[in-house]
2 protein chains.
Amino acid sequence: MTIKELAQELDMSTTTVSRVLTGQEKKYRISEKTAQRVREMASQLDFAPNLIARNLRLQRTNTIGLIIPDISNPFFANLARTVEEELRKRNKMVLLCDTKDDLTTEKESVELLLARKVDGLLVAPIGEKWEHLRKNVNVPLVLIDRYFENHNFPYVTTDNYYGAYEATSHLILKGHQNIACIQGLVHTSPNQSRIRGFQKALEDYGIDSTAASILGDDYSVENGYVSTKTLLQEEEIPTAIFALNNQIALGAMKAITEAGLQIPEDISLLSFDEQYYFELLSPPLSSVKQPMQAIGKTAVETLFELLDDKKATFHKLKPVLIERASVKNISKL
Amino acid sequence: MTIKELAQELDMSTTTVSRVLTGQEKKYRISEKTAQRVREMASQLDFAPNLIARNLRLQRTNTIGLIIPDISNPFFANLARTVEEELRKRNKMVLLCDTKDDLTTEKESVELLLARKVDGLLVAPIGEKWEHLRKNVNVPLVLIDRYFENHNFPYVTTDNYYGAYEATSHLILKGHQNIACIQGLVHTSPNQSRIRGFQKALEDYGIDSTAASILGDDYSVENGYVSTKTLLQEEEIPTAIFALNNQIALGAMKAITEAGLQIPEDISLLSFDEQYYFELLSPPLSSVKQPMQAIGKTAVETLFELLDDKKATFHKLKPVLIERASVKNISKL
DNA sequence: TAGTTTTGCACAATCGATTGTGCAATTTAA
DNA sequence: TTAAATTGCACAATCGATTGTGCAAAACTA
């Protein structure tokens with residue numbers, strides 16, 4: 001059923017039908033009687049305009065591309081949900097791309113989405129390169145979670161520096177001096193900020209930050225597991241581990257448990273990136289909670305500001321430390 | 001940059017350019033020399049055809065609509081990931097709709113996706129109604145996870161009956177007679193099949209299935225929590241709880257812990273729907289593991305069979321029981 | 001009544017690709 | 001050398017909407 005057929009059925013021009021159905025009958029002086037007839041027939045015949053044709057004509061698709069590294073990571077799944085919800089409110093849809101933290105896939109995704117003429121892009125980039133996010137990208141783009149230090153892409157992210165600083169301070173105040181940090185993808189901005197926050201806290205409390213072991217290389221459970229195994233084989237085992245995301249924390253937990261050690265009696269564990277089941281783990285896991293909903297919502301809002309030709313904005317949202325039972329107080333006081 | 005401009009640059013017709021770029025130069029006898037020139041210029045100018053225009057002309061969008069109830073549920077997040085990956089291999093993209101288990105949103109999503117002329121639909125429906133999945137739906141559709149007993153939509157799902165039967169048998173063999181079951185959305189097929197499997201197992205072992213308490217009404221953590229609270233207030237507390245999905249299980253766990261009870265000493269807990277962190281919970285949670293990857297992959301394969309005009313197929317994939325430490329053996333033997 | 005304004009709607013171009021068909025130019029066959 | 005076959009490419013229609021503009025008919029004004 002096309003608008004043409006509908007018009008024939010009504011014995012009028014497609015022009016008139018189109019104008020009524022797009023709510024422009026006033027503007028083009030279509031009589032109320034005619035408008036009525038059109039609307040009735042349209043709903044009677046279940047007419048829905050072909051959006052492909054409309055998109056071509058209007059040079060606008062009401063579609064946003066969402067590029068994330070891993071939808072099976074609950075952090076991004078939650079983000080995707082909020083984004084979808086916010087966009088739905090604004091009559092836009094989401095084209096989803098999961099890059100698996102692979103740069104080639106990310107580049108390819110950008111190209112595919114642009115060829116499909118999305119109205120805008122929301123990207124949680126791998127982080128190594130940014131050129132492909134600029135070149136030929138003629139639509140608004142907002143970075144989520146990760147951004148680039150030296151390039152002014154608008155972004156929405158957690159204040160990772162702050163979060164890591166708070167988390168590390170917390171550990172230190174509980175008496176920990178030998179703290180290991182297991183990181184995620186090294187070149188991503190959240191990782192770098194968290195590392196800086198970690199180191200700064202150590203320094204501020206007079207601990208030699210260069211001596212602290214920082215290991216690991218991606219955001220996987222596997223990495224948390226392997227890195228922790230390594231740590232546990234060192235001569236001097238750290239008294240606390242700071243895991244830079246939820247999956248690393250789980251891997252760490254598994255390794256510690258397998259080694260027959262107890263958290264927090266033998267070793268403390270603190271995670272960046274809260275999950276709702278953390279309170280049910282053994283022991284309940286302390287963590288830094290990112291404002292996930294706010295990130296998604298703000299990202300969409302920021303994108304819409306750009307779509308409305310407003311100025312780019314930049315957002316670092318504060319995370320919150322949630323104390324549970326995985327950090328032991330070993331201070332001598 | 002349009003194909004027309006590219007053609008002007010090359011001083012030839014758009015026809016020729018189009019034919020070369022779509023790999024039809026042989027078919028239309030374009031000389032290799034010309035083809036070369038076209039390809040070079042195209043890559044030099046970073047030309048990418050406008051897919052909206054192509055889609056309109058070809059009546060095909062290489063886009064699949066994925067409708068799921070809750071992307072923040074890791075079950076569906078994992079599913080989404082597999083689906084995206086499989087579709088990417090086949091040069092298709094995913095338009096994502098999260099219905100929040102709301103029927104109106106589901107109906108709306110179907111309409112929006114159809115208006116966008118998706119080539120096919122993958123749907124995990126709410127389950128109450130199915131008419132909107134048939135009416136005006138002129139593209140292949142495959143149901144995932146949930147299906148309709150009395151309507152022959154092709155589907156891919158876990159063998160929920162089998163899984164629940166096995167799980168319940170497991171509990172019974174461990175000596176449990178008073179087993180409570182906390183269900184999800186009552187009218188969804190997985191829920192119904194699981195309930196049937198649960199009841200059949202009870203009967204087969206000579207336990208009065210009508211006496212077993214079945215409570216709860218959706219797949220949320222909240223429901224697991226509230227329902228368990230209710231259970232724990234009964235005169236005779238069940239010796240085991242069978243939670244029909246991962247979120248319900250977490251809620252149950254929380255309620256049990258809060259009540260000061262121990263799993264499995266005071267009460268056993270078994271979950272349908274495995275998650276990778278279950279082994280790290282306190283205690284490690286036994287569960288029925290659904291073949292999530294296989295479901296996603298099979299769903300995409302099934303959809304492509306339909307796209308190739310092959311016959312609809314129906315799949316029930318076997319789940320596996322994973323024994324951990326949340327079920328106590330209380331048999332008197 | 002004639003001229004002007006307003007009302008109500010349709011014609012045809014346009015968005016950017018793809019493709020059936022036709023027509024020169026070149027090559028081959030006779 | 002001429003006719004037939006082949007090669008190489010372009011014209012113009014098409015997909016299904018939206019929209020600037022134009023033109024009758026109706027309503028109003030003088």
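Throughout, protein chains are lettered first and strands after them, A, B, ... in sequence-line order, and every chain is numbered starting at 1. Atoms considered below: every heavy atom in the structure, side chains included; atoms not considered: hydrogens, waters and symmetry mates.
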How is B/Arg57 classified with respect to the nucleic acid when contacts are heavy atoms under 4.0 Å: base, sugar-phosphate, or nothing? base
Under 4.0 Å, heavy atoms only, any strand: does A/Leu58 hit a base, just the sugar-phosphate, or nothing? sugar-phosphate
State, to 0.1 Å, how close A/Pro69 and A/Asp98 come at their nearest heavy-atom pair, and which atoms those are. O-OD1, 3.0 Å
So, do B/His315 and B/Thr302 sit near enough that their side-chain heavy atoms are less than 4.5 Å apart? yes
Quick note, salt bridge (Lys or Arg N to Asp or Glu O under 4.0 Å) partners involving residues 56-68 of chain B, not counting sequence neighbours, are none
Salt-bridge test for A/Arg146 and A/Asp101: reply yes if a basic N is under 4.0 Å from a carboxylate O, no otherwise. yes
Between B/Glu305 and B/Lys311, does any NZ, NE, NH1 or NH2 come within less than 4.0 Å of an OD or OE carboxylate oxygen? no
NZ of A/Lys92 to CD of A/Glu84: how many Å apart, nearest 0.5 Å? 14.0 Å
Atom pair CG (B/Asp145) and CD (B/Gln290), whose distance is rounded to the nearest 0.5 Å: 6.0 Å
Within residues 36-49 of chain A: residues closer than 4.0 Å to DNA chain D (heavy atoms): A/Phe47, A/Pro49
Residues touching DNA chain D, which here means a heavy atom under 4.0 Å, drawn from residues 9-33 of chain B: B/Met12, B/Ser13, B/Thr15, B/Thr16, B/Arg19, B/Tyr28, B/Arg29, B/Ile30, B/Ser31
Parallel, tilted or perpendicular: which describes the rings of B/His151 and B/Phe153, with under 30° parallel and over 60° perpendicular? tilted
Pairing residues for B/Asp46 by the side-chain hydrogen bond (donor to acceptor under 3.5 Å, both in side chains) criterion, not counting sequence neighbours: A/Lys135, A/Asn136
Side chains of residues 113-122 of chain A: which donor-acceptor pairs under 3.5 Å do they make with residues two or more places apart or in other chains?
{"from": "A/Arg116", "atom 1": "NH1", "to": "B/Thr61", "atom 2": "O", "distance (Å)": "3.4"}
{"from": "A/Arg116", "atom 1": "NH1", "to": "B/Thr63", "atom 2": "OG1", "distance (Å)": "2.5"}
{"from": "A/Arg116", "atom 1": "NH2", "to": "B/Asn62", "atom 2": "O", "distance (Å)": "2.9"}
{"from": "A/Asp119", "atom 1": "OD1", "to": "A/Thr61", "atom 2": "N", "distance (Å)": "3.0"}
{"from": "A/Asp119", "atom 1": "OD1", "to": "A/Thr61", "atom 2": "OG1", "distance (Å)": "3.3"}
{"from": "A/Asp119", "atom 1": "OD2", "to": "A/Asn62", "atom 2": "N", "distance (Å)": "2.7"}

Name the first nucleotide and the last nucleotide along DNA chain D (5' to 3') that come under 4.0 Å of a heavy atom in chain A. D/dG16 to D/dT21
